[in-house]
Amino acid sequence: MPRYDFRCRSCGATFELRRAMAQANDPAVCPQGHPDTVKLLSTVAVTGVGGASAAPQQAPSGGGGGCCGGGCCG
Ligand SMILES: [Zn+2]
């Protein structure tokens, strides 16, 4: 038997009910006794598509080694 999620709009509680599919759209009553409930979707797949993050690449800075480093040209 399928299971349906409901949410009470009076107290905000969510609850599950097992009922036949023929009765899926029947009004459900909150466990607290509130008749104002809405049926929730059982499974909501939220897929977020993120943009490609291009990480800035830093060129490795060569540490010296040039001819001016040792004072050969000065
Ligand atoms: Zn309620």
Side-chain angles (χ1 to χ4, degrees):
M1 189 171 291
R3 190 179 59 194
Y4 300 96
D5 294 332
F6 291 87
R7 180 160 66 180
C8 176
R9 297 202 296 187
S10 295
C11 66
T14 56
F15 56 98
E16 295 177 349
L17 286 182
R18 287 192 176 190
R19 50 171 52 178
M21 292 184 67
Q23 299 172 345
N25 291 324
D26 287 357
V29 180
C30 171
Q32 304 292 332
H34 305 134
D36 190 7
T37 58
V38 290
K39 189 163 72 69
L40 303 176
L41 295 176
S42 59
T43 303
V44 178
V46 178
T47 59
V49 178
S53 63
Q57 292 184 355
Q58 292 182 350
S61 61
C67 67
C68 294
C72 62
C73 50

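Quick note: numbers below take in every heavy atom, side chains included, and nothing from hydrogens, waters or symmetry partners.
- At least one side-chain heavy atom of Cys11 sits less than 4.5 Å from a side-chain heavy atom of Cys30.
- Across Ala24 and Lys39, no two heavy atoms sit closer than the pair O-CD, 3.2 Å.
- When the side chain to side chain contact (heavy atoms under 4.5 Å, CB included) test is applied to Pro31, the partners found at least two apart in sequence or on another chain are Phe15.
- Under the 4.5 Å side-chain heavy-atom criterion for grouping Ile, Leu, Val, Met, Phe, Trp and Tyr, Phe6 is not connected to Met1 through any hydrophobic cluster.
- Judged as a salt bridge (charged side-chain N to carboxylate O under 4.0 Å, His left out), the pairs with a partner in residues 7-16 (not counting sequence neighbours) are, in order, Arg3-Glu16, Arg9-Asp36.
- Looking at every heavy atom in both residues, Leu40 comes nearest to Thr14 through CD1-CG2, 4.4 Å.
- Among all heavy-atom pairs drawn from Ala28 and Leu17, the shortest one is CB-CD1, 3.4 Å.
- Residue pairs that meet the side chain to side chain donor-acceptor pair (under 3.5 Å) test with at least one member in residues 18-33, sequence neighbours left out, do not exist here.
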